[in-house]
Amino acid sequence: MRFGITILPEHRWPEAAPLWRRAEELGFDHAWTYDHLVWAGLPDAPWFGTTPTLTAAAMVTERIRLGTLVSSPNYRHPVTFMRDLLALDDISGGRLLCGLGTGGDLDSRLLGEVQPVRERVDRFHEFTELLDRLLREDHVDHDGPYYRAVDARTLPGPVQQPRIPFVIAANGPRSLRLAARLGQGWVTTGGKGGETLEDWWAAVARLAERFDQALAEQERPTGEVDRYLLLDSSPVFSLESVDRFEEMTGRAAGLGFTDVITHWPRPEGVYAGDVRVLEEVASRLPHLR
């Protein structure tokens with residue numbers, strides 16, 4: 001089991017930098033930040049850009065992997081995003097994880113576009129497939145329903161070969177198949193898991209089974225794709241206590257997940273918790289692995 005932590009991009013950098021350094025010091029394997037223009041969970045909070053935040057985080061850390069949770073086509077073009085990713089991968093020394101997903105409803109409306117969910121999923125698939133090509137090839141041409149590229153140059157290419165790992169967010173059948181085909185990782189919130197914690201775990205188990213089926217359809221071995229579970233998508237905060245975190249980690253492992261992700265505790269509101277619990281959990285990570 002590997003352990004990740006999400007640091008929301010809500011702090012000015014003098015406050016945020018110590019959190020990223022501390023995440024590495026505490027022994028987490030990967031650290032993430034949300035990629036939104038506005039996050040619906042904190043619509044009135046301060047918010048900073050994802051790629052500059054991760055660039056700065058790369059400069060104050062040395063080992064921990066850094067990821068977007070998750071980037072979407074809601075306000076990005078694959079060609080321009082490719083350039084950001086190449087820079088991040090280079091600056092971090094090959095520590096970048098590229099989380100990709102359809103994106104949130106709020107972001108999808110901010111630029112004046114109104115698309116049904118089905119069309120947004122279609123766009124996400126085209127986005128991901130084109131981004132995959134751009135990170136593997138040079139002189140890329142593409143003419144699709146949502147994106148065009150004309151002789152797109154991609155030099156120097158990523159530090160990580162054959163390309164930066166994709167961690168694809170998927171709960172629905174089409175995106176599960178996409179994750180099975182193009183992902184080096186699959187990340188899930190558990191979908192619509194109901195109101196209780198047990199309902200949520202049952203939903204997570206069903207999705208894990210469906211992902212197994214999607215991998216089998218692609219003829220990919222089960223162990224070839226890492227599986228990330230967002231623990232705090234459940235009805236409880238995973239860091240409400242050390243016992244809660246250990247219990248949730250154990251259940252995730254039992255369902256075949258290789259990685260779990262929690263959130264840096266906030267003083268109030270969403271993900272409210274005590275940093276002392278986080279530090280105690282971190283002290284037990286070697287045992288939990």
Side-chain angles (χ1 to χ4, degrees), residues 32-37 49-55 58 65-104 107-108 110-113 115 117-170 172 174-187 214-215 217-220 224-226 228:
W32 308 77
T33 200
Y34 286 2
D35 193 3
H36 292 285
L37 295 176
T50 299
T51 52
T53 295
L54 290 181
T55 300
R65 303 210 74 170
L66 305 169
T68 61
L69 194 66
V70 291
S71 298
S72 80
N74 280 336
Y75 51 91
R76 297 193 182 279
H77 190 288
V79 173
T80 56
F81 189 44
M82 170 268 297
R83 286 296 181 204
D84 287 343
L85 293 177
L86 290 182
L88 267 172
D89 196 45
D90 181 63
I91 292 166
S92 68
R95 291 185 283 138
L96 180 63
L97 296 167
C98 181
L100 296 170
T102 302
D107 278 345
S108 71
L110 283 179
L111 300 185
E113 298 179 343
Q115 289 184 328
V117 173
R118 180 183 294 276
E119 291 183 12
R120 286 167 48 203
V121 172
D122 290 341
R123 182 177 63 176
F124 167 54
H125 284 226
E126 183 182 341
F127 179 95
T128 303
E129 289 164 357
L130 178 53
L131 186 62
D132 172 63
R133 287 187 59 203
L134 290 163
L135 291 171
R136 293 178 186 269
E137 306 171 17
D138 193 16
H139 297 284
V140 174
D141 291 296
H142 177 82
D143 188 2
Y146 299 97
Y147 299 105
R148 297 188 68 192
V150 180
D151 193 28
R153 301 304 308 274
T154 62
L155 299 176
V159 173
Q160 300 177 83
Q161 292 293 326
R163 66 148 162 77
I164 296 161
F166 287 176
V167 179
I168 297 178
R174 290 179 59 200
S175 293
L176 283 170
R177 290 193 293 269
L178 181 71
R181 180 162 57 91
L182 294 181
Q184 285 66 55
W186 163 57
V187 60
L215 286 173
E217 291 172 6
Q218 295 298 320
E219 299 183 347
R220 293 186 72 181
E224 191 172 287
V225 182
D226 294 329
Y228 298 74

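This one's a predicted model, so the numbers in the text were calculated from it and none came from an experiment.
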Step by step, work out the side-chain contact (heavy atoms from CB on, under 4.5 Å) result for V117 and V121.
CA-CA 6 Å; V117 173; V121 172; 4.2 Å; yes
side-chain contact (heavy atoms from CB on, under 4.5 Å) evaluation trace for L86 with L135
CA-CA 8 Å; L86 290 182; L135 291 171; 3.9 Å; yes
Apply side-chain contact (heavy atoms from CB on, under 4.5 Å) to residues R136 and T154 and explain how you reach the verdict.
CA-CA 8 Å; R136 293 178 186 269; T154 62; over 6 Å; no
In sequence, state the C-alpha distance, the side-chain angles, and the governing distance for I168 and W186, and then conclude on side-chain contact (heavy atoms from CB on, under 4.5 Å).
CA-CA 5 Å; I168 297 178; W186 163 57; 5.8 Å; no
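Between V70 and D35 there is no side-chain heavy-atom pair separated by less than 4.5 Å.
Of all non-hydrogen atoms in T55 and T51, the two that sit nearest each other are OG1-O, 2.8 Å. Taking both residues in full, the closest heavy atoms of V225 and G183 are given as CG2-O, 3.7 Å, listed atom of the first, atom of the second, then distance. Minimum interatomic distance between Q160 and L96 (heavy atoms only, all atoms of both residues): NE2-O, 2.9 Å.
In terms of modelled atom types and a separation under 3.5 Å, the side chain of E126 and the main chain of Y146 share a donor-acceptor contact. Put simply, the side chain of S108 never gets that close to the backbone of N74: no donor and acceptor are under 3.5 Å apart. Put simply, the side chain of R120 never gets that close to the backbone of T102: no donor and acceptor are under 3.5 Å apart.
With values rounded to the nearest 0.5 angstrom, L97 atom CG is found 11.0 Å from L85 atom CG.
Judged as a salt bridge (charged side-chain N to carboxylate O under 4.0 Å, His left out), the pairs with a partner in residues 178-187 (not counting sequence neighbours) are, in order, E129-R181. Among residues at least two apart or in separate chains, salt bridge (charged side-chain N to carboxylate O under 4.0 Å, His left out) pairs with a member in residues 140-161 are D138-R153, D143-R148.
Other residues, nucleotides and ligands place no more than 12 heavy atoms under 6.0 Å from the CD atom of E219.
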